[in-house]
Amino acid sequence: MTLENKELRELVRKAALLNAIQHDGKAQAGPIIGKIVGEKQELKTKVKELSGLISEVVEEVNSLSIEEQKRIVEKKWPEALKKEKVEEEKRLPALPNADNYAQVVTRFSPNPDCVLHLGSARAIILSHEYARIYKGKFILRFEDTDPKMKKPVLEFYDRIREDLNWLGCKIDEEYIQSDRIPIYYEYTEQLLKDGYAYVCTCQPEQFRKKTLASKPCSCRNLPVEEHLKRWKRMLEGGYAEGEAVVRVKTDLNHPNPAVRDWPALRVIDTEKYPHPRVGSKYRVWPLYNMAAGLDDHLMGITHIIRGKEHLTNMVRQEYMYKHLGWKYPEAIHYGRLKITGAYLSKSKIVQGIREGLYKGWDDPRLATFAALKKRGITPDAIKKMIIDVGPKTADVTLSWDNLYAYNRKILDPQSDRYFFVPEPIELKVKHVPKVFKAKLSLHPEKPERGFREYIVTPKDEDKAVDFWIAKKDADTADVGKVIRLMGLFNVKIEGTKAYSAEASFASEPYEEARKVKARLIHWILVGEDVPCQVIMPDATVNEGIAESACEKLKPNTVIQFERFGFVRVNETAAKLTAHYAHK
Ligand SMILES: [Zn+2]
């Protein structure tokens, strides 16, 4: 140990300083020993000597003020400070029993009968994030086995892939259940042969009466051969829709009647309701618990992360797992996450689109990922919000404003500032004494981002300059009041009419405006304007003009229109168009 004494001392010092910074300037020896031994396994046998060194260094470090401690770390190990910061960020709780598995495998399994919306964010992000944290695998599984009631739509397979990509959730493996029908048949046959499932041809009402009384239906106890015969008949088209269903045996005394002998496969007339991918190839289709239950095992899912509304499904599937001699994966059931006013059910979205109520999947009134993207809501904001909520079982209610707050934190430092004047009216400012050069920073805290510059030249004998200002600003400007044109000069209002206003130059310094508590308003020089429309979250359109510097903006750029809000530039070719994100 003596040989690398100096090197070791530095290592201890670094750990002590970092620990001190995290604990109000007072380092604790315990965690430092753990950290050092964790990094240098060979010191395991020398803990006693190490402890001596650590207490010595800790004492020395603790005699420094926290400012001094920080200064030393910043100078010597700036990257360590950054790392500590990242580690301070909210973390998800550990997965149960992750160590029992060679690799953590999670899945997200949507039905492609609609585009994804904010309501799916939790399942997607938690499943993906956990797979990433544990260096595991994240599987996308399309659950498209109901061509009748929850009919999948071809375009949504791709849209869902795109949405996941946008959210930054990399898919390691993908499966489509409609490709796997023969696999479900194979296990069904095995369950039938082993007497763990049966083909029930009872009328639903008849069956219901029996199960409610915890009694077997007239099919349940028939010999296996009879069920295999019925199964063959099902596959060959011998039963019409509703005439036969495969049931998985459970305890008929289970307290929840909905669990008892649950339906696993049924007949769908695919001549009438062809599947968009496999057409009329199959007439017998697995129901949710059959397909999802088998797949979770067959795909090696170790942790299922989903809403607590699935608890009963787990109970149902556990019977099938027992029949097959399988172990049920770890299951985490989180509580409901309600985002007030934020999303409609899938069926309402689909219906609204069909009826023409919404302009498309990215209509700003919808909380689809496509719409959020269009409005400049960043995937990172969604991700941060979901991770902060975590997988807790209690119900959580959030609002749009919660999401906006996360998004604002991301957009604010990176968005350039521009002026947009909604409902513009003309303001004539007279007696401007000279030519002014307005230098408006693109970002108030980041001068390195540059400026927009406008030359303000007085014209004619009354030395007048014409500006566009917002009608709202003109309406609140009383005659005789001084207002400041941001980044330019102060003017005194002389008169306002419905569509114009007049003022005269007052003074240049900002301090003068502050002294009289003048309002700061934004402006656009007449002649330096471009028409611009902003589409609001309620799909109304805010017509106005933007400053000419906006002409060079590219689609997809998110900017802040000062005193208006963050917007995402949508279109620049025909007419500058943007979608409103939030204040
Ligand atoms: Zn029956």
Can you check whether Lys359's main-chain N or O pairs, donor with acceptor, with Asp363's side chain at less than 3.5 Å? yes
Heavy-atom neighbours of Lys446 NZ exceed 12 at 6.0 Å: yes
Asp362 and salt bridge (Lys or Arg N to Asp or Glu O under 4.0 Å): which partner among Arg375, Lys374, Arg568? Lys374
Charged N to carboxylate O below 4.0 Å: is that the case for Arg107 and Asp172? no
Ring geometry between His323 and Tyr319 (parallel below 30°, tilted from 30 to 60°, perpendicular above 60°): tilted
Using every non-hydrogen atom in the two residues, find where Cys550 and Leu576 come nearest and quote the distance to one decimal. CB-CD2, 3.7 Å
Keeping Lys383 on the side-chain end and Ile125 on the backbone end, is there a donor-acceptor pair under 3.5 Å? no
For the side chain of Glu571 and the backbone of Thr577, is there at least one donor-acceptor N/O pair under 3.5 Å apart? no
Carboxylate-amine/guanidinium contact Glu129 Arg132, below 4.0 Å: yes
Check the surroundings of atom NZ in Lys26: do more than 12 heavy atoms from other residues, nucleotides or ligands lie under 6.0 Å from it? yes
Backbone of Thr106 reached by a side-chain donor or acceptor of Ser127 within 3.5 Å: no
Residue pair Val47 / Ile33, side-chain heavy-atom distance below 4.5 Å: yes
To the nearest 0.5 Å, atom CG of Asp416 lies from atom OG of Ser441 at 9.5 Å
For the side-chain hydrogen bond (donor to acceptor under 3.5 Å, both in side chains) test, which of Arg417, Lys583, Arg408, Gln414 pairs with Gln560? Arg417
Using a strict cut-off of less than 4.0 Å between a Lys/Arg side-chain nitrogen and an Asp/Glu carboxylate oxygen, indicate whether Glu60 and Arg9 qualify as a salt bridge. yes
So Phe156 and Pro110, do their side chains get closer than 4.5 Å, heavy atoms only? no
As an exercise, state the distance from CG of Asp296 to CD of Gln317, rounded to the nearest 0.5 Å. 6.5 Å
Would Thr540 and Asp538 satisfy side chain to side chain donor-acceptor pair (under 3.5 Å), going step by step from the backbone distance to the final call? CA-CA 6 Å; Thr540 57; Asp538 61 0; 2.6 Å; yes
Less than 6.0 angstrom separating the ring centers of His303 and Tyr101, yes or no? yes
Would you please test Ile377 and Tyr404 for side chain to side chain contact (heavy atoms under 4.5 Å, CB included) and show each step? CA-CA 8 Å; Ile377 307 294; Tyr404 295 163; 4.0 Å; yes
Short question: side chain of Arg122, backbone of Gly335 - any donor-acceptor pair under 3.5 Å? yes
Regarding Ser399 and Asp401, do their side chains bring together a donor and an acceptor under 3.5 Å, going by distance alone? no
Over all heavy atoms of both residues, which pair between Thr250 and Val259 is shortest? Give the atoms and the distance, please. CG2-O, 3.4 Å
Between Asn19 and Gln28, is there a donor-acceptor pair closer than 3.5 Å when you use the side chain of the first and the backbone of the second? yes
For Tyr328 and Gly293, indicate whether the former's side chain and the latter's backbone hold a donor-acceptor pair under 3.5 Å. no
Applying the side-chain contact (heavy atoms from CB on, under 4.5 Å) criterion to Val12, which one of Val61, Val58, Ile54 satisfies it? Ile54
Tyr157 and Ile176, any side-chain heavy atoms less than 4.5 Å apart: yes
Does Arg316 reach the main-chain N or O of Ala258 with its side chain, forming a donor-acceptor pair under 3.5 Å? yes
Separation of Leu366 CG from Leu372 CG (nearest 0.5 Å): 9.5 Å
Residue pair Ala539 / Ile535: nearest heavy atoms and the distance that separates them: CA-CG2, 4.4 Å
Taking Ala27's backbone N and O only, do any of them form a donor-acceptor pair with Asn62's side chain (distance below 3.5 Å, no angle check)? yes
Under-4.0 Å salt bridge between Arg13 and Glu10: yes
Before you tell me yes or no, could you show the steps for Asp113 and Lys346 under salt bridge (Lys or Arg N to Asp or Glu O under 4.0 Å), namely the whole-Å CA-CA distance, both residues' side-chain angles and the distance that decides it to 0.1 Å? CA-CA 8 Å; Asp113 61 342; Lys346 273 189 189 182; 2.8 Å; yes
Can you confirm whether Lys373 is buried at NZ, in the sense that more than 12 heavy atoms of other residues, nucleotides or ligands lie under 6.0 Å from that atom? no
What are the two closest heavy atoms between Gly376 and Leu411, and how far apart are they? O-CD1, 3.8 Å
Ignoring hydrogens and geometry, is there a side-chain-to-backbone donor-acceptor pair from His128 to Ile124 under 3.5 Å? no
With Trp285 as reference, evaluate Asp144, Leu265, Thr145 under the side-chain contact (heavy atoms from CB on, under 4.5 Å) test and give the passing residue. Thr145
Hey, could you give me the CG/CZ distance between Asn542 and Phe564, rounded to the nearest 0.5 Å? 4.5 Å
Considering only heavy atoms from C-beta outward, does the side chain of Phe108 approach that of Leu116 to under 4.5 Å? yes
With rounding to the nearest 0.5 Å, note down the distance linking CD1 in Ile32 to OG in Ser51. 11.0 Å
Hey, are Tyr184 and Asp295 close enough side-chain-wise for a donor-acceptor pair under 3.5 Å? yes
In short, Phe420 meets Val534 closest at the heavy-atom pair CZ-CG2, 3.7 Å
Around atom CD of Glu173, are there more than 12 heavy atoms of other residues, nucleotides or ligands at under 6.0 Å? yes
For a quick check under 3.5 Å, do Arg449 and His443 share a side-chain donor-acceptor pair by atom type? no
Going by the angle between their ring planes, with limits at 30° and 60°, are His297 and Trp326 parallel, tilted or perpendicular? parallel
Side chains of His254 and Asp251: is there a donor and an acceptor less than 3.5 Å apart? no
Residue Lys308 excluded, over 12 heavy atoms near NZ under 6.0 Å: yes
Would you tell me whether Glu143 and Tyr288 have side-chain atoms, one donor and one acceptor, within less than 3.5 Å of each other? no
Give a yes or no on whether a salt bridge exists between Arg161 and Asp158, defined as a side-chain N under 4.0 angstrom from a carboxylate O. yes
Determine whether more than 12 heavy atoms belonging to other residues, nucleotides or ligands lie under 6.0 Å from atom NZ of Lys75. no
Ring of Phe142, cation from Arg277 - is the NZ or CZ under 6.0 Å from the centre and inside 45° of the axis? no
Do Arg180 and Arg141 touch side chain to side chain, with heavy atoms closer than 4.5 Å? no
Less than 4.5 Å apart, any side-chain heavy atom of Leu17 and any of Lys14? no
If you measure from CD1 on Ile339 to OG1 on Thr397, what distance do you get to the nearest 0.5 Å? 9.5 Å
Is the closest side-chain heavy-atom distance between Leu294 and Met290 below 4.5 Å? yes
Return yes when atom NZ of Lys151 has more than 12 non-hydrogen atoms of other residues, nucleotides or ligands closer than 6.0 Å, and no otherwise. yes
Less than 4.5 Å apart, any side-chain heavy atom of Leu337 and any of Ile386? yes
